[in-house]
Amino acid sequence: MPKEQSGANILVEALCDLGVEVIFGYPGGAVLPIYDALFQQKRIRHILVRHEQAATHAAEGYARATGKPGVVLVTSGPGATNAVTGITDALMDSIPMVVITGQVATHLIGSDAFQEADTVGITRHCTKHNYLVKSPETLGNVIHEAFHIATTGRPGPVVVDIPKDVQVATAPYKKPGTINHASYRPQIKGDIKLIEAAVEMLAAAERPILYTGGGIINSGPAASQILRELARITGAPVTSTLMGLGAYPASGEAWLGMLGMHGTYEANWAMNQADLIVCLGARFDDRVTGRLDAFAPKAKKIHVDIDRSSMNKTVRVDLPIVGDVGHVMEDMVKVWKARQHTKADLSAWWTQIDEWRAKKSLSYPPSTTEIMPQAAVQALWNATHKKNPIITTEVGQHQMWAAQHFHFESPNKWLTSGGLGTMGYGLPAAIGAQLGNPNALVIDIAGEASIQMNIQELATATQYRLPVKIFILNNEYMGMVRQWQELTYSSRYSESYSDALPDFVKLGEAYGWKGIRIETPDQLESGIAEMLAYDGPVIVDCLVAKVANCFPMIPSGASHVEMILADDQVSGELDDEAKALV
Amino acid sequence: MHIKEGLKERHTLSVTVTNEPGVLARIAGMFTARGYNIESLTVADITEDDSISRITIVTAGTPAVIEQVVAQLDRMVPVHKVTDLTLLGDHVERELALVKVAGTGDHRIEALRLAEVFRANVVDTTISSFVFEVTGASTKIDRFVELMKEIGLVEVARTGIVAMARGKEAI
């Protein structure tokens with residue numbers, strides 16, 4: 001019989017057994033026993049954030065950049081409720097994360113005790129699963145099961161709520177063996193019959209396209225490699241969702257760029273005209289499909305996803321294959337080769353695609369007097385891409401410009417809040433990514449509005465000497481809101497102006513960062529060089545054109561072929577049907 | 001602008017789940033979170049060691065929504081198996097109701113006569129009232145309750161639907 005130890009120690013032991021190296025957290029009354037147990041050990045590093053929401057985004061950034069689960073520790077009540085945004089973010093973007101929350105003692109639950117909140121109730125629908133642990137005897141197994149659930153199948157956040165008396169009470173702990181869950185058994189391998197059918201459809205297609213997503217990144221680096229092989233042997237063009245950028249290299253021959261609302265002309269037209277769409281680890285999100293009844297009218301659709309509920313959720317598909325996209329693609333490649341299929345003659349398809357490409361849909365009106373935000377992102381890419389940097393973003397126009405103009409060559413380098421669209425994600429995510437990759441160049445491409453949503457995390461980077469860089473595209477507007485108001489509400493800019501902005505340079509300096517301001521196009525290159533030369537955290541306030549819009553754009557309620565390009569005249573008013581769409 | 005809705009079908013689902021705290025809230029909450037309907041929901045433990053509960057849910061939605069309901073239930077961690085009994089084919093659905101009726105004289109005699117027609121049992125009686133236990137398809141119970149209104153219906157308690165596929169196979 002192993003010796004008895006406190007629940008807090010059992011938690012720490014279990015986390016060590018699970019290989020946890022870093023925890024992002026914030027102490028409070030209901031987790032004091034756990035913080036004391038952490039104080040008395042050296043195996044796990046605790047990173048003290050300045051707000052619990054940032055702990056969750058930092059854990060997401062860590063997870064996304066390393067492939068390992070992110071771990072968060074917060075107190076009861078406000079600690080847990082502050083974490084809810086990041087937990088929901090991780091659910092929407094399928095990020096493996098385990099969140100340990102303190103809870104009031106079991107006999108106080110339900111009594112409206114100080115800092116009590118119904119954490120399992122609140123997080124029930126924004127987690128993949130959650131637990132309230134009522135005895136130290138079950139704690140060890142619950143922690144192991146929580147990691148199993150968070151990291152397998154479609155990854156996601158798992159909350160473990162631990163009352164304070166359970167942290168103090170003692171029980172024996174033994175590392176459990178392989179977890180054989182009674183009801184939770186994700187399907188990893190795809191049905192081979194369906195995979196064979198998919199290969200035949202792909203071999204017979206005249207206008208195929210591979211529509212890839214974040215599932216490929218979640219499947220691991222091998223899946224990105226096998227995607228490249230699949231694209232090579234089939235000759236099919238590749239597009240990707242926002243979450244999947246980097247799975248296929250932007251310099252690759254088959255690359256069409258991102259698809260969807262701010263995707264390229266060629267990617268969206270190819271989706272519209274394709275005779276076969278192979279959806280690999282993506283989920284036909286509304287930002288991708290545009291108007292559903294006009295989505296890809298000519299295409300047969302194959303959908304590979306580990307989550308059965310993603311099948312036929314928004315778009316009816318002809319061939320759903322449930323399984324890990326990496327495994328399924330590997331089997332597709334094997335079957336393709338075993339059946340000695342050769343690359344079909346897709347030259348007519350590629351000729352067509354090249355015509356769409358010639359539109360140069362990412363072009364934008366140049367300026368010699370103002371810094372165009374797109375040009376700023378391009379300059380940043382020019383100066384840094386050889387260092388293979390990790391890019392995080394906040395949410396808004398800058399995020400889309402980064403997705404369009406920063407070209408990713410490998411997975412786990414692009415961390416952004418896709419599903420939930422959480423402003424304030426980028427800085428804490430950069431902190432998490434930097435902790436997981438101490439030698440990497442990590443840059444948060446930000447907007448002046450978003451960055452203020454978790455600006456307090458400047459202190460976290462300072463405390464742990466993390467050399468993260470923030471590059472603010474400062475246009476003094478909540479730019480995407482302003483753009484939608486211009487397009488939909490005849491430029492009535494209701495509350496979208498960023499008034500009373502702080503001096504970001506001085507603000508950075510107050511936190512011990514280096515601050516740089518870039519005001520004119522001729523300062524852009526040198527400003528970026530100065531940022532890169534500094535061995536420490538840098539905040540760059542880059543003043544860009546104030547009312548530049550992000551194009552191409554599929555407006556609300558429009559189809560892929562109704563894209564607005566930069567030189568179209570677009571300001572005006574939309575009808576109610578379109579206004580009702582997000 | 002007006003909000004449009006599609007044509008709905010009624011489906012009866014059987015769901016086996018690990019019997020753990022919060023599991024019902026998890027299932028019921030998923031329905032509200034995703035905007036699905038619950039017309040009836042019953043739950044009870046069905047194993048000797050209290051480890052597994054069987055939930056019977058009657059829901060209504062377009063065929064695509066029903067398919068999603070099944071998939072969303074199926075991916076929940078404590079869910080063992082989801083069966084769409086309506087899709088499976090023929091199945092029996094039963095509901096039990098307790099119906100309290102008050103009255104004297106002719107009303108009392110008529111209540112007993114109707115109870116016999118509906119094969120309802122008397123499970124409690126006083127000089128001026130009965131509690132009937134009636135079992136059957138929901139429509140039968142509806143009719144029984146409707147008739148008792150004329151006689152002196154006091155209150156009704158219904159279990160909601162339990163259902164099982166016909167034939168020798170387990171789901």
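Naming convention: chains lettered A, B, ... in sequence-line order (proteins, then strands); numbering from 1 in each chain. FYI, side chains are in, hydrogens and waters are out, and symmetry mates aren't considered; it's all heavy atoms of this structure.
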Exercise. So which of A/Gly121, A/Ser183, A/Ala182 has the largest heavy-atom pair count under 4.5 angstrom toward chain B?
Worked result: A/Ser183
Exercise. Given the options A/Asp575, A/Asp307, A/Asp576, which has more heavy-atom pairs under 4.5 Å with chain B than any of the others?
Worked result: A/Asp307
Exercise. B/Ala33, B/Ala25, B/Gly22: which one forms the most heavy-atom pairs within less than 4.5 Å of chain A?
Worked result: B/Ala25
Exercise. In this structure, which one of B/Val79, B/Thr18, B/Val77 forms a side-chain contact (heavy atoms from CB on, under 4.5 Å) with A/Tyr184?
Worked result: B/Val77
Does atom [atom1] of [X] have more than 12 heavy-atom neighbours, drawn from other residues, nucleotides or ligands, at distances under 6.0 Å?
X: A/Arg185; atom1: CZ; answer: yes
X: B/Lys140; atom1: NZ; answer: yes
X: B/Glu150; atom1: CD; answer: no

For this session: Report yes if some heavy atom in the side chain of B/Val70 is under 4.5 Å from a heavy atom in the side chain of A/Arg308; otherwise report no.
Result: yes
Exercise. Any side-chain heavy atom of A/Pro186 within less than 4.5 Å of one from B/Arg75?
Worked result: no
For this session: Indicate yes or no: does A/Arg316 engage B/Glu67 in a salt bridge with an N to O separation below 4.0 Å.
Result: yes
Exercise. If every non-hydrogen atom of A/His125 is compared with every non-hydrogen atom of B/Met30, which pair is closest and at what distance?
Worked result: CE1-N, 3.5 Å
For this session: Could you tell me which portion of B/Gln72 (side chain, backbone, both or neither) has an atom closer than 4.5 angstrom to a non-hydrogen atom of chain A?
Result: both
Exercise. Got a sec, which residues hit side-chain hydrogen bond (donor to acceptor under 3.5 Å, both in side chains) with A/Asp293, two or more places apart in sequence or on another chain?
Worked result: A/Arg291
Problem set entry | Spatial distance of atom OG (A/Ser309) from atom CZ (B/Arg34) [nearest 0.5 Å] | 6.0 Å
For this session: Among residues two or more places apart or on two chains, list those pairs meeting side-chain hydrogen bond (donor to acceptor under 3.5 Å, both in side chains) that have a residue in residues 161-171 of chain B.
Result: B/Asp90-B/Arg166
